[in-house]
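None of the values given here were measured: they were computed from a predicted structure.
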Amino acid sequence: MNCFCLHTKKRANKDPLFLTGVTFPSEYPASPETLVKLSVYDAKDKTQESSSFLGSATFSVGDLLRAKDERLTLSLRSSDGVCTAGTVVVSRLKMGEMEEVDVDQITTDIPSQKCPLVYESAHHSCTDRENNPLTGPVFKNPVCKVYRFQTVDSKWMLVREQMEECTLSFSIPKQLLALYIQEDMSRVQDLKELGDLSPHWDNLRKEVMTRYAGIISSYQETLAEMDKINGCSFKPSCCKAQKSLEFIPINLHTQRMRVTCPKKTDAFYDIVTVGAPAAHFQGFKGGGLQRLLSRYEAEKKSFSTAYQCIYYSPEHTAKAQEVLNIMSLLQPLITRLVDQLLQAAHEHSSPGLRDALKHLSDKTEQFVHTLKDELVKSALLALHAAQPGYVSKNQKSTRAQSQHQGHTNQTNDQNQNPIQGLPGHSPPTSVTETTVVCNNVEGTQTTAGGEPLSLKHQDTIPHHKEYDEEEWDRLWANVAKCLNCVIAMVDKLQEEDNTKQDPVPEHQLADVITSHNPGDWREQLCPLVTRLKDCVMEVVEKAKRAMTFVLLQEAACSIPQGFLLQQRRDIVFSQALAALACGFVMRLYAGMQDKGFLRQLHLVGLVAQFESLLSTYSEEFGMLEDMEVGISDLQRVMFKITEAKSDDLSDLQPLVCGRRDHFTVEVPLPKLVFHTLPEEIKEGKLLRVFPVLFNVGINEQQTIAERFGDISLQERINQKNFETLEAYYKSLSEKVPLECLPCFQTQTDIKELLETLGQNVVAKKKKNVEILWTAGTICRRLNGIRFTSCKSAKDRTSMSVTLEQCALLRDEHQLSKDFFVRALDCMRSRLTQGDIGQWEDPEAGAMTENKPASRHFYPIALLLVSSHLLVVWLILSLVFLLAKYQ
């Protein structure tokens, strides 16, 4: 093994000390008899690969293990074996698993101290780690650095940084795309099953189905392109505008800092870095999702007028989707419970009968309660009115009155407003002549003076004052009646079983229970439960068609803008969910032995804090609008921990299931690990995550935004998410003892931190990074998941992460103040220095000298002398920005 010692240009110490680390790869396992030869070279100019041999030394692993303090001091011998070129000290480093490394060294010029900072880098993955069932399925290709820093008591701490790629960068978006395709194909099939519609509605249905077909085709092409990619675990920033990768998050990585201090338990700090979830390929000329959705909702009523649709509010549309989801869940569940009830009856098991009946009653009551919603009744009327040949009661009475009075009205079957006949849109009192035809769109009304009456637009869901509801009420009421009959029969059977008498009931169940062999429970129950299943099926079919018709209105009013927005939202959500799943799995793996964390997980859930460094200027303004919606949509995600089928890595990959309004991420764990979890988690309890987003722009574009632009978006986001974080802490403190939370050296109370955060959120302070630091501290105190983002998760993100790590070493592990700046420089030694100056810290005052000059923004103070120059400056700046981002 060759160790290269790199001499720096400034070398104040004549006897420098260089350190490097060596590991044994798994394919070449070491034993006590293994001989190691160290060859040392003087690499004066490493870029030109010129070096001179200094000497070598040989030792065995057994010698090292038997040595005092597991440390050997060896003399370097020259090539002739005579001259001593110096000494090399070999020691065993007890600090977890280490990977095969490529070594670089950094020395410091400290006259009074001989020990420098240690810098170690690894670029090859460890085979054992990739086969580990708690790391291999998700995390790959670790890059490791190890440092040694001095504490305030002149002792040394070892700090290990490990960054890894995450396989969920691709697997989660692929699964989401498959679910999107499946959901849209299901919607197309539901639209086909609506049956015959009048020409107007049928044309709208065909147009909507065409739009869905276009989305399905586009998603299938994207999924096919993603399937062709092999070996890559993340998307680099240079590919952020590539269409085939638009669902993949940018630069998704995990980073763990592990700290080993003398006589203290090891501590580790995790963070996930990812580029801002945004539709980079689609661009931001019209803004981001938040602005586009607001504009779309404001214009939706005009769309419904143009397409002659019934306008349903977002709440009604969401309710329709909720009803569909509940029915799709409850119907098969009721069927399974009915089968369980019959099985218990066949076995004459009274306890099994009672349990199955209890669950069946609960789910059937929930089912009936869902169907009693007013939206279902109104949608049934709207669907009925959209069918060919529909004539409302109002129109019938008007026609009869007109015929009685001798007034005839010539009609055209293709010229009738589909909405006019719905309740709530009866003709005005001044109408004496009305068209009476099918529901199409060009019908006219005439006033008493013979002037045409303009078409009145449907602004709300149709009412049902004059609609015969008896049929629908009878349908869902029959479900309840059938359930009551089943309950009565079960009670009767159990009573007879208790008395152990031949059952000849004195009072027959009226019109429902027929005479059967009293000894066969299954025979007596079978007709009743069959009738229950038939009633449930009949109700589901009608309600499903009604809710599908509501969604048809939404889709028709959305053409074409709504479909484009849905695609953009799918893209942003896919990136956000991949990052969240990565963070959740990382946090779960780290907390498997922490009972307090597991208790918090199933009682309350976890907070996921996203730290954003985007500016509120130019295209990053649109990115932030996308990110806000994407992070907010994560509230629809639940997690579920399951037992893996086997310990094979393919069976340990997280799985996504659900629909757009609700997704569940299943995280499989090996059998031995799964059985150590609390019972609530093992029983499949869904686990919540509370996403919060805090943004503070820090670059030169944010300076322009604060002076000449608008930062209200940033202020609103921070205020809204502060309230969410505060509510989460309140819920946590009510349900979980604070002893379950992790302990830190700094004893600041969480309530005080929340008060400080609230004050900073409302403070009018430019580039107030205190918001981010305080929010990050609260997140760690609450066992949360930390994320840091900027445009591409490179410069600004790395500056933030390294500063946070050094602050943790200072506050939690007593890093010496003299080493703070050096530790920061050491961690950033291989990072792009473009944004170092944006982060200022009292311990790193010299950092501000590195602040880069703006590339094309001229000094504002000079330009303010003349208003003409200011205008010229603004125009030139705009031209430069447009040229840059095109």
Next item on the list: Run the salt-bridge test on E541 and K544 with the 4.0 Å N-O cut-off and return the result as yes or no.
Entry: no
Check: Is a side-chain donor or acceptor of K735 paired with a backbone partner of V604 at a separation under 3.5 angstrom?
Finding: no
Check: Is there a donor-acceptor contact under 3.5 Å from the side chain of S632 to the main chain of E628?
Finding: no
Notebook entry, point to check: Does R587 make a cation-pi contact with F597 (under 6.0 Å, within 45 degrees of the axis)?
Noted result: yes
Least distance between heavy atoms, [X] atom then [Y] atom:
X	Y	value
S800	T788	OG-CG2, 3.9 Å
P742	R781	CD-O, 3.4 Å
I181	I216	CG2-CG2, 4.0 Å
L532	V338	CD2-CG2, 4.4 Å

Item checked: Positive for side-chain contact (heavy atoms from CB on, under 4.5 Å) with L360, one of D355, I334, I487 -> I334
Notebook entry, point to check: Given E554 and T317, is the side-chain hydrogen bond (donor to acceptor under 3.5 Å, both in side chains) satisfied, shown in steps?
Noted result: CA-CA 7 Å; E554 166 72 14; T317 304; 3.3 Å; yes
Checklist line | Test ring pair (Phe, Tyr, Trp, His ring centres under 6.0 Å) applied to F573 and F663, F247, Y180, the passing residue | finding: F663
Margin query: If only side-chain N and O atoms count, and only distance matters, is there a donor-acceptor pair under 3.5 Å linking Q343 with D339?
Written below: no
Next item on the list: Could you walk me through whether Y219 and D570 pass side-chain hydrogen bond (donor to acceptor under 3.5 Å, both in side chains), step by step?
Entry: CA-CA 10 Å; Y219 284 2; D570 289 347; 2.8 Å; yes
Notebook entry, point to check: Can you list the steps and then say if V692 with Q609 is a side-chain contact (heavy atoms from CB on, under 4.5 Å)?
Noted result: CA-CA 5 Å; V692 292; Q609 187 245 331; 3.9 Å; yes
